[in-house]
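These figures come from a predicted structure and were not determined experimentally. Order of the sequence lines sets the chain letters (A, B, ...), proteins ahead of strands, with each chain counted from 1.
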Amino acid sequence: MIALLKRDLVLALRAGGGFGLGLAFFLIVTVLVPFSVGPQSALLGTIAPGVLWLGALLACLLSLDRLLALDWEDGTLDLLATAPLPLESVVTIKALAHWLATGLPLVLAAPVLGVLLNLPGPGFLWMVISLALGTPALSVIGTFGAALTVGLKRGGLLLSLLVLPLYVPTLIYGAEVARRGAEGMTVATPLMMLAGISAAVIALLPFASAAVLRVNLR
Amino acid sequence: MSISTRLNALWEYANPRKFLATTERVLPVLWLLTAVTLIGGLVWGFFFTPDDYRQGSTVKIIYIHVPSAFLATSAWFMMLITSLVWLIRRHHVSALASRAAAPIGAVMTLIALVTGAIWGQPMWGTWWEWDPRLTSFLVLFLFYLGYMALWEAIEDPDTAADLTSVLCLVGSVFAVLSRYAVYFWNQGLHQGASVLRAGAVAGTDTTEKVSNVYAYPLLLSMAGFFLLFVALVFYRTGTEIRARRIKALLARERVNG
Amino acid sequence: MTLTVTDLAIARGGIPVLEGLTFTLEPGQALILRGPNGAGKTTLLRTLAGLQQPLAGRIDGAEDRIAYAGHSDGLKPTLSVTENLTFWASVFGGRDIGPALEAFRLGDLADRHAGNLSAGQKRRLGLSRLLVTGRPIWMLDEPTVSLDREAVAMFAGAVRTHLAQGGSALIATHIDLGLDGTILDVGPYKAKPVLDSDFDGGFL
């Protein structure tokens, strides 16, 4: 399992910026927002938590279509399915690798981009906490979508169509934590819900992902 | 007849041939019943109920809005059950019934959204409000789109049935989660469900009740919409079965040819 | 332990292709799978490897004992030969990759990226993976594609060593490997077309 994680991370590093790509996208989206809504710092400060969450979510989506598709094309998935590793672990590791390569850099970059958007002072901490709690769920849900569409030739667009509605609860609670945090309100309820969704998704969804992967492999 | 043999008899309809034979006999009656109930309910509702003292005649859109909203969720629930039946007992008819129900459910969701907007315009003064009920229906519509797109995208029918069934299961959980999330996110303008509350119909519950004058034609048109749904699902499942049979025959032709 | 296949029926894309297949594969035995294109050799190998479910019949002694090599080698072009092989070795329990590199004479290429290898060299790397799995039953689907004569001899040698150590192999191939294996022609097991009267779950 460690070997698979290590290999995926090395691949992400070598394939020309698996780490950098999502991050660059996140940066560009954030920079484009003031161009589209205007430079008023009060307005930017109000919408900053939502914009950062949406940017992070879209950046997560970006690399999903290659998450399993590459391993599918070169036969690695066939071989992994016959290996002593259960597919449930394979998809969990894949999601973890995706989170380490895409989600974690986004979490770390969010405060920097928060400065650009004039995010209010107390918002920084909650922005990072909400993203740190929410992005693992985004990776796991995304892995499920990738497993569903792995055998399809033009799976990318369909993948977005399938995954985005599944992102709704995570986005709502995550952005709510960040928004309330920025406004100095109490965040306990949405924070609990966000953590609960992440925990449940990480615990249960890999079984569904492995099941659909088995269907796609036969 | 004991309960278990009766249940076993139910599974016979999982045989495509038996299903086709039965629905072909039932459908004409069903269409007729649908027409009578639906037209009856709508005509009664539109022309033979008084205008509301506050809402005027706008209130009459209720006879389309409420039944379609009811079926939008019921159709997804039906798909959830038929998907489970496919995953557990692998009856092809069950999977095809899910597939047949999806576009109907999507159209019902769309009707509920559009009539809701038309109703909301004079009532709330806006075509669209990010009200939790409207929003969760919009999310439900997205789920329908994804589900149908997945069916279309996969060539092998059994693979498609398996994958869409799992998607339906996972999607159901997330649809419920989204609903609660949306309610948490914004408490809305939309009134609570007021039709199927027993007290509301009986007239003992006075908060936001639908008065009897409106309730009876509404129940009739809901029955009409429901029958329409059942008839359409039977009809479309029949079509799916035939399409599937053609596919299987062609595939066999290729193998033997 | 013997691999026993009893009355197996398999399907591709929902259509039965082979049925009534019964054979055994003893330790030390090689079975050469023959049959025209599209007869179902690949499907049979995938079914035995557990990648898809049989329609009917029993497969005994296959669980966690099969090393499968299909048309693709599961290599990552941006990883070196050693890294590719080390990965598979650790997935299958961390064996030494030295003997595998030696058997397919990959030592000189060890630090090259797999993306820079020729088709034949890639195939050799793919086949050397079999040695690091430590699994007793090899299931090989057209293993000699893009191999030159010398590499085929290398491969045949590896199979012979494997058999001598008590392993077994099921190989779908059209060329003569010079192995004294039994030949299993799948032609006679072609599935009979299903009759129209069986219009039930299978729609035929």
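- B/L177 and A/P169 get closest at one heavy-atom pair: CB-CG, 3.8 Å.
- Of all the heavy atoms in B/A149 and A/L161, the pair that sits closest is CB-CD2, 3.7 Å.
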In sequence, state the C-alpha distance, the side-chain angles, and the governing distance for A/L162 and B/Y147, and then conclude on side-chain contact (heavy atoms from CB on, under 4.5 Å). CA-CA 8 Å; A/L162 296 179; B/Y147 179 87; over 6 Å; no
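- For a residue to count as touching a neighbouring chain, one of its non-hydrogen atoms must lie under 4.5 Å from one of that chain's; by this rule A/L166 touches chain B with backbone and side chain alike.
- Between A/P165 and B/S178, the shortest heavy-atom contact is O-OG, 4.3 Å.
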For B/V182 and A/I172, what are the C-alpha separation, side-chain angles and deciding distance, and is it a side-chain contact (heavy atoms from CB on, under 4.5 Å)? CA-CA 7 Å; B/V182 163; A/I172 288 181; 3.7 Å; yes
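- To the nearest 0.5 Å, atom OG1 of residue B/T159 and atom CG of residue A/L217 are 11.0 Å apart.
- With respect to A/R218 and B/D158, no salt bridge is recorded, no charged nitrogen being found less than 4.0 Å from a carboxylate O.
- With a 4.5 Å cut-off on side-chain heavy atoms, B/D162 and A/V212 do not count as touching.
- Closest non-hydrogen pair, A/L158 versus B/A153, comes out as CD2-CB, 3.6 Å.
- For A/V163, no part lies near chain B; criterion is any non-hydrogen pair under 4.5 Å.
- No side-chain heavy atom of B/L142 sits less than 4.5 Å from a side-chain heavy atom of A/L164.
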Go through the steps to decide whether B/W185 and A/E176 satisfy the test side-chain contact (heavy atoms from CB on, under 4.5 Å), and finish with yes or no. CA-CA 8 Å; B/W185 165 76; A/E176 190 74 16; 4.1 Å; yes
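- In this structure, CZ in B/F174 is found 10.0 Å from OH in A/Y167, a value given to the nearest 0.5 Å.
- Scanning all heavy atoms of the two residues, the minimum distance from A/A208 to B/V170 falls at CB-CG2, 3.9 Å.
- Contact of A/R214 with chain B is not made at all, since no heavy-atom distance falls under 4.5 Å.
- Residues A/F144 and B/V166 meet the side-chain proximity criterion, which asks for heavy atoms closer than 4.5 Å.
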